[in-house]
Novice: 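This structure is in structure tokens; I'll ask about it shortly.
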Amino acid sequence: MSKDVAVLGVGMHPWGKWGKNFVEYGVKACNDALKDAGIDWKDVDFVSGAETVRNGYPGYVAGATFAQALGWSGASVATSYAACASGATGINAARARILSGMSDVALVIGADTTPKGFLAPNAGERWDDPDWLRFRLMGCTNPTYFALYARRRMDIYGATEEDFAQVKVKNSRHGFTNPNARYKKKFTMEEVLGSNMVADPLRLFEICATSDGAACVVLTSMEYAKKHSTRPVRVSGVSTVTPTFPSTVIEMPNFSTDSAYSVPVPDTEFRDSIAAYAYEEAGVGPEDMSLAEVYDLSSALELDWYENIGLCKPGEAEKLLRDGDTTLGGRVPVNPSGGLACFGEAVPAQAIAQVCELVWQLRGQAGERQVEGAKAGITANQGLFGHGSSVLCTI
Amino acid sequence: MAANETVPAIEGWFTEGDNPALIGTQCTQCKTFFFPREETYCRNPGCQSTEFESVELSREGTIWSYAEHFYKPPAPYIAPEPFEPYTIAAVELAEEKLVILGQMAKGVAHSDLKAGMKVELVVEPIYDLDDKTHTVWKWKPLAA
Ligand SMILES: [Zn+2]
């Protein structure tokens, strides 16, 4: 039995700091996706919301909030939270209902309105919450973890500050013409290297900001899709894996890794296992990918992902970048959308936005950032507390 | 002015004195180590133990990576005024086979460090609050 479902429609609200209610962004993305799919809202039988934790109760029950805003229709509803991976979890919930025959048409929606500055823990004293304690006891921020990974690449693989800056330069050129991107500016190497050091070795322009935004996909059964489209994009693999004990790479927001004292380290470490699961489901491999959208929370983290999704072996990411393989026009462009470097992060919408980009690319609708002849693409992302997130699309 | 009373910023996570150490736990069945302390249910999926012993972890380790911070982080961190850059390191403990984060001792910059370098555990002030100096574990390069 095919595990494919169709992406019949995609829609986004542009990323930015618009200062409006997240529901307004979400409704815009939903209506665009429904229009793109050629489907009426009342034909949606399942609403899969990705939760935002920064917008009060309506955000906690995002699926129902959007269903109400679009007009109660009696559709079934669920809301997922998996931090940055919430969108993929929402997609997986919708896919499961469709593949089981319980749903024909599902709407997956994530939207966020974000505060300024560093993402900080929720208020109040919480001595049993590692996410609170890491700030209190160590001043350990999210960029701390990104900086640890970046410095590790420098000391072990010989990555340079110029490599990290080059990722930002590349992505800023990719996203320059993307109508949904927040930052539309072509950065130069000098500008990136001239920006303030935040968490050494990472600079201000190499660390992703937080943004408002919304993204929506309409998923349907392949059978249903045939009535509306001659050649729909397919979701061929979705990964929402957790780590396998012992997970020995330090992960946000933890103080420590698991101990490998009594159980040997698994053959595939967590971040490698995320894409591996999606490849296995889809029955394809990294060599089949035309493009990838990966989570560049920092410019240096993009290099880790090249290796984690199998585009190259460990230690070879810098060469891939320097050779131009991951630049538009290269062998396998990474973040043709511009990535988080051009968007900033809208947590519950971001994993869905990655899929929107794959769909536009596979349909040949990506304009100046089009990857020529794109046939297959993969997204990769990871949410706090052990949430893998990867969606593999084919046409 | 009288010196502040000194108290640990968190109870039960580390010992003090001349040779301070982190306090973890070890599963009595599968022997897996945990830090912070795990005392409820063993996280090894092949072990159902609910019995743990308190153990002092190795005081020395090697640097896995490190990051120096040039901006004041948000609350609940209590930063000194004026703000001073600080470095955080991830340190591998060879015996327990795990990596633990901690600030580096005051004044240690990223340029002093390299992955693979040996460090030892120390206890230093982290912030002042309610007329008390609060301390926490930190890592310090071992004298070569
Ligand atoms: Zn055990």
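Computed from heavy atoms alone, side chains included, the values below leave out hydrogens, waters and symmetry copies. Below, read A as the first sequence line, B as the second, and so on, with proteins coming before strands; counting in each chain starts at 1. In this text, all values refer to a predicted model and were calculated from it rather than measured experimentally.
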Novice: Checking T257(A) side chain against L98(B) main chain: does a donor-acceptor pair fall under 3.5 Å?
Specialist: no

Novice: Write down the atom of P76(B), the atom of F135(A), and the distance for their closest heavy-atom approach.
Specialist: CD-CB, 3.5 Å

Novice: Of all of L133(A), L202(A), L137(A), I250(A), which one pairs up most often with chain B through heavy atoms under 4.5 Å apart?
Specialist: L137(A)

Novice: Output, in order, the C-alpha distance, side-chain angles, deciding distance and verdict of side-chain contact (heavy atoms from CB on, under 4.5 Å) for D200(A) and F70(B).
Specialist: CA-CA 8 Å; D200(A) 182 276; F70(B) 292 94; 3.8 Å; yes

Novice: Could you check whether the rings of Y261(A) and F33(B) sit parallel, tilted or perpendicular, using 30° and 60° as the cut-offs?
Specialist: perpendicular

Novice: Side chains of F255(A) and I100(B): closer than 4.5 Å at any heavy-atom pair?
Specialist: no

Novice: Name the region of E95(B), side chain, backbone, both or neither, that has any atom closer than 4.5 Å to a heavy atom of chain A.
Specialist: both

Novice: Can you confirm whether more than 12 heavy atoms, excluding those of E51(B), are under 6.0 Å from its CD atom?
Specialist: no

Novice: Pick whichever of A199(A), G139(A), A147(A) has the most heavy-atom pairs under 4.5 Å with chain B.
Specialist: G139(A)

Novice: Give a yes or no on whether Y277(A) atom OH has more than 12 heavy-atom contacts from other residues, nucleotides or ligands under 6.0 Å away.
Specialist: no

Novice: Do other residues, nucleotides or ligands put more than 12 heavy atoms under 6.0 Å from E53(B) CD?
Specialist: no

Novice: Do any N or O atoms from the side chain of S65(B) and from the backbone of L148(A) form a donor-acceptor pair under 3.5 angstrom?
Specialist: yes

Novice: Taking the six-membered ring for Trp and the single ring otherwise, decide whether the centroids of W132(A) and Y77(B) are under 6.0 Å apart.
Specialist: no

Novice: With distance as the sole test, does Q103(B) use its side chain to make a donor-acceptor pair with the main-chain N or O of M138(A) at under 3.5 Å?
Specialist: yes

Novice: Got more than 12 heavy atoms from elsewhere within 6.0 Å of NZ, K185(A)?
Specialist: yes

Novice: Which bit of A79(B) is near chain A, if near means a heavy-atom gap under 4.5 Å: side chain, backbone, both or neither?
Specialist: neither

Novice: Is the number of heavy atoms from other residues, nucleotides or ligands under 6.0 Å of E280(A) CD greater than 12?
Specialist: no

Novice: Above 12 or not: heavy atoms from other molecules or residues under 6.0 Å from NZ of K31(B)?
Specialist: yes

Novice: Relative to chain A, which segment of V136(B) carries a heavy atom at a distance below 4.5 Å: side chain, backbone, both, or neither?
Specialist: side chain

Novice: Is a side-chain donor-acceptor pair under 3.5 Å present for D155(A) with Y66(B)?
Specialist: yes

Novice: Go through it in stages, so that I can follow the logic: the residues are L204(A) and Y71(B), the test is side-chain contact (heavy atoms from CB on, under 4.5 Å), and I'd like the CA-CA distance, side-chain angles, deciding distance and then a yes or no.
Specialist: CA-CA 10 Å; L204(A) 185 63; Y71(B) 277 89; 5.5 Å; no

Novice: Is chain B contacted by the side chain of Y145(A), its backbone, both, or neither, given a heavy-atom distance below 4.5 Å?
Specialist: side chain

Novice: As a quick check of understanding, evaluate side-chain contact (heavy atoms from CB on, under 4.5 Å) for S256(A) and L101(B), giving each step before the final call.
Specialist: CA-CA 6 Å; S256(A) 68; L101(B) 294 179; over 6 Å; no

Novice: Mind running side-chain contact (heavy atoms from CB on, under 4.5 Å) on F245(A) and N44(B) for me, showing each step along the way?
Specialist: CA-CA 7 Å; F245(A) 182 89; N44(B) 170 358; 3.7 Å; yes

Novice: Would you kindly say whether T32(B) and S262(A) are connected by a side-chain donor-acceptor distance under 3.5 Å?
Specialist: yes

